[in-house]
Amino acid sequence: MFRSLNSDVSFPNLEERILALWEKDDAFRESVRRRPATQSFAFFDGPPFATGLPHYGHLLAGTIKDIVPRYWTMKGYRVERRFGWDCHGLPIENLIQDELKLHTVKDIRDHGVGAFNEACRAGVLRYTKEWRRTVSRMGRWVDFDNEYKTMDLAFMESVWWVFQQCFEKGLIYQGYRIQPYSPALATSLSNFEVNQGYKMRQDPSVVIAFPLECDAKNSDRDETLLVWTTTPWTLPSNLAIAVKEDLEYALVAHEGHKYWVAESRRLQYFGENDEVIDRVLGKALVGRRYKPLFQFAPLMSEKQYAIFAADFVSDSDGTGAVHIAPSFGEEDFQLGKAEGLGLWDPLDAEGKFTHLVPDWQGIGAKDADKAILQKLKSDGRIFRHETFEHSYPHCWRTDVPLLYRAQKNWFLALDKEITNADRVTKTLKQWMIDSNQQIRWVPEHIRDGRFGKWLDGARDWNLSRNRFWGTCIPVWIAEDGDMLCVGARAELEALTGQKVDDLHMHVVDVLTIKTSDKKTFDPNGKAYTRTPEVLDCWFESGSMPYAQGHYPFENREALEEHFPADFIAEGLDQTRGWFYTLTVLSAALFQKPAMKNVIVNGIILAEDGQKMSKRLRNYPDPNELIDRTGADAIRLFMIDSAAVKGEELKFSEVGVKNITRAVLLPLWNAVSLFTTYANADASKGQLTWKPGQNRVSGNELDRWILSDLQALLARVKVEMEAYRLYNVVPALVEFVDDLTNWYIRRSRRRFWKSENDGDKNDAYATLYRVLVEFSKALAPFLPFLAEEIYQVLVRENDPQALVSVHHTDYPVFDASLFDEALNAKMALAREAVVLGRGLRAERNIKNRQPLRRLRVVARSEAAAAGLRSLEDLIRDELNVKDVDIALDESSFVQYQAKPNFKALGARLGKNMKAVAAKCASLSHEEIKGILEGTPLALEEATLTAEDLLIIREVSPDLAVTATPNLTVALDVAIDEALRLEMLAREVVSRIQGLRKESDLTVTDRVDVSLTGVSEGLRGAVEAHRGYISAEVLAASILVEGPENGASDTLEVDGETARIFVRKVG
RNA sequence: GGGUCUGUAGCUCAGUUGGUUAGAGCAUCGCUCUGAUAAGGCGGGGGUCGGAAGUUCAAGUCUUCCCAGGCCCA
């Protein structure tokens, strides 16, 4: 009736079978469809780049993204899960550049932006097949057929709409920011790219002489200010000099000139004998003017070529005076902005000097260093020229040193006020901060820690990239500076009079906007040209909630239903990434958070604690590992770790295998046991119970395991609703242990007993019910194994059953099955057994040796009553004839006492120590008195039983042990009858071993023969012939019979025999 | 340099509002059980709870400083 299961199961093969089954039944889509559309649980999936292959970080996030939606699906919600792809941006552009051998931006333009973009479009999805295979193989249910791509027309149109919304709220502006710039690539780089490219480099270290102008105050002084720089190429762009206001500067006479230098740096450049003429604070120099080095830059402000005060100036290097070129450095830029110096940048896109600096026109900035220094030397402006080595960022692709350079960019302003629908006005940043407070973060500390702090310090978002393959910034600018922001394809069509079916640069930029009313095309209207940048691709992923459904052009109601998301999950690295961009844009558009619950996973390290590195090969290939261990084990290993609360995880294959051994195999064996015996009993006609039938069992074990299951379900519910996945797996593992190592272990004989009685059928009914319910509880976590169990136990027996365990409802706590008192007394009985086993081990008495009596002393009448009802279990498990449960332990323990600090501490305060000492010296009788209800009055306090913790000292001569809950004493005397029984069991054990060796089935009958039998063994066989026959299904037992069949030698306790076992017939 | 998380047995990690002798799993060694189990059970060894100071009758837990590592930012 049940499929018979192989005990040497291959989980990877099992999983492949289940995958095929799901495919056949269209199980995923059906699991979504069968839940009502009106009750939805919204999940957003962050789009990965398809230019790389999935790694363990993706598997971890993917598993979390699978478990939570599966759970809520089974709870009755419709959980749509669309996969998405991040298609734009540098990863794919770089790849295509390499493939087409286009090294620079100019190469791309020469090749043609259209051809380049089409190559990106054609190439970006190259690994999607591998992704789909790996993600599906991990058991993740997600819709790949209906995936969204950030390069789709509909997606891009929604992004335009998002941008336009921001534009219309006045959040978008153009401004300058200093950025690392690669002259070879003719583009600025992200911080991430910069961090990859730090290398040691030799640069000039030069001190330049700037003669100060004479003015009314300083008419007769011929003075020179010494200024330090390591970037001579920025000197033609020098517009100012900065000193520190409260730093002391000295005027030094040297070789007929007078030099200003920071006093603390003086001896670096001058001798002790060089006379100091004057000392002033930096502020005295502020405002003085100097003679510029070159005449290239135009005069842009009154203040040009003057000295300013700035806090960033330090005297740890150089001269205490800093040259300022506002276009080429963050601090220079800030100072220039504050003082209104203007920007002057004489470099072209490839970082070469333009006609603005004719002396070095066509020479790259860094390459011009030498020539510039030579010119300055001949002009007598070099005071000192050295070389030094330092770590400096280089272009990670071309190895060329980067330039820090002011770039014009589009920004999203965070300090702009926005009024929401309820007429509440706050700045965008404040809306973001408030949104964050409404999000449940796991782990919690992210909210006010990493993410909260990042929001507090957030600066305006630079949205523009000077690249090609991306969503165009939809702003068109007329010659007079008038701007026009387009937010829809139809708008662009109206303004150009052209049909538009792609929003990429090479398509959009050939169109001309001509308009008089900013709404319709007018050939005589004003001409507008698009700003050349594309959007940061993070703007696109942040727009994903709206763009994946082409909002607001389509799916208007769906968005309102699905926003904010109920749940998202990504790695810790997304704090500044997707989590941030989602938050910015949802605050800008709707003044709400984009999600309600977030699980943040930590990074996965290799087993050695280092980053996983292809070069070091310190981790197994994910696909190969899945083939070796199966996906279920990997899933459970990852989820049963702090990685699901943002901490790092050292990934180890051993850890994965441990999961298989500790959880998957025992559970599998439990199912296999069930099917084996149920099939055997069914064929013998002894199975009156039918699958699916629930029976009310009077057996305490049955009631207990069902009650224990309810406790598990209650616990899982609490943890899943709090998104604490890391607390769920330990609970599941404990239940597997309860089921296999107690329920089944203790129930084994109930399945085996040949009598066709109610108890056996109760056992089948209970085990079946527990396995089926548990498979449902497991389904989100171990989707394959849970499915297999469900298929074997339910679907293959019942054509009417739901096709997949993942279509069933998640089991809910059933109060009628829950019995807290039963759970407590079973725990106590198990504790008694553990203590008893300990005593046997201590006395070196093996379990096969029956003993007369175990005495268990409980601490209360209720506990004793509970234990009495479970006496049989304890007796059986410990192999004793008699279990005696009592309340008085004083005959075998001596009491000692320790104070209950928790109870007494609050009451006693400083007297605690004195009382603790007195407690320690209480006598056995005093303590007994207190335990029996007579309080003991001390100077400081009156002690009752609650104030003491009793320590039970047991005599080493007695086989007694005690815990706070129980005292257990074992009668270790072995008489002849007990010894014979032990020998009989040894015989049984040996015969069972031979049966197993001979691959007999559990129902085969055997003939047994013993030869060379010693006297004790002979006695044991005679005395226990009936018992032995029944245990081993022996048709005959012959002493000194024929030597036929499988054999083994028995040697135990001085007794010997040879045993022969042969199948009957 | 700033932010944040982490530091407990050989390894991986629990450890509640501060309160008994700091626990588990793995590994290891010894013993043991088995008519489901490549399993199970019992025991041994293994800890200055990263360091220091403070608060407290009492600190793995709270505070401060320091050290080490990770991540993010500069």
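Chain identifiers are assigned alphabetically (A, B, ...) following the order of the sequence lines, protein sequences preceding nucleic acid strands; residue numbering begins at 1 within each chain.
- Atom-to-atom, CD of A:Glu647 to P of B:G70 comes out at 16 Å; the value is rounded to the nearest Å.
- The residue A:Phe674 sits apart from the nucleic acid: no heavy atom pair falls under 4.0 Å.
- Here A:Arg840 does not reach the OP1 or OP2 of B:U32: none of its side-chain N or O atoms lies under 4.0 Å away.
- Within 4.0 Å of A:Arg837, counting heavy atoms only, lie sugar-phosphate atoms of the nucleic acid but no base atom.
- Residue A:Arg848 contributes atom CZ, which lies 18 Å from atom P of B:C42 at whole-angstrom precision.
- When heavy atoms are screened at a 4.0 angstrom cut-off, A:Leu1033 is found touching base atoms of the nucleic acid.
- Residue A:Arg748 has a polar side-chain atom (N or O) positioned under 4.0 Å from OP1 or OP2 of B:A36.
- Computed from coordinates, the A:Trp441 CH2 to B:U4 P distance equals 16 Å when rounded to whole Å.
- Using a 4.0 Å heavy-atom criterion, one finds that A:Thr740 contacts the bases of the nucleic acid, with or without backbone contacts as well.
- A:Asn741 places its CG atom 13 Å from the P atom of B:A36, with the value rounded to the nearest Å.
- Taking atom C1' on both B:A22 and B:C67, the two are 24 Å apart, rounded to the nearest angstrom.
- If you find the closest nucleotide of RNA chain B to A:Trp454 and to A:Ala1030, the one lying nearer the 5' end belongs to A:Ala1030.
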Please encode protein proximity along nucleotides 20-29 of chain B as a string of B, S and -, counting only heavy-atom distances under 4.0 Å. BS----SS--
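- The distance from atom CG of A:Leu673 to atom C1' of B:A36 is 5 Å, rounded to the nearest whole Å.
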Return one dot-bracket line describing RNA chain B 5' to 3' (Watson-Crick or G-U wobble pairs, both distances under 3.5 Å; ( ) same strand, [ ] crossing, | another strand, . none). (((((((..((((.....[...)))).(((((.......))))).....(((((..]....)))))))))))).
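- Computed from coordinates, the A:Arg447 CZ to B:G3 C1' distance equals 17 Å when rounded to whole Å.
- Going from atom CH2 of A:Trp742 over to atom P of B:A36 covers 16 Å, rounded to whole Å.
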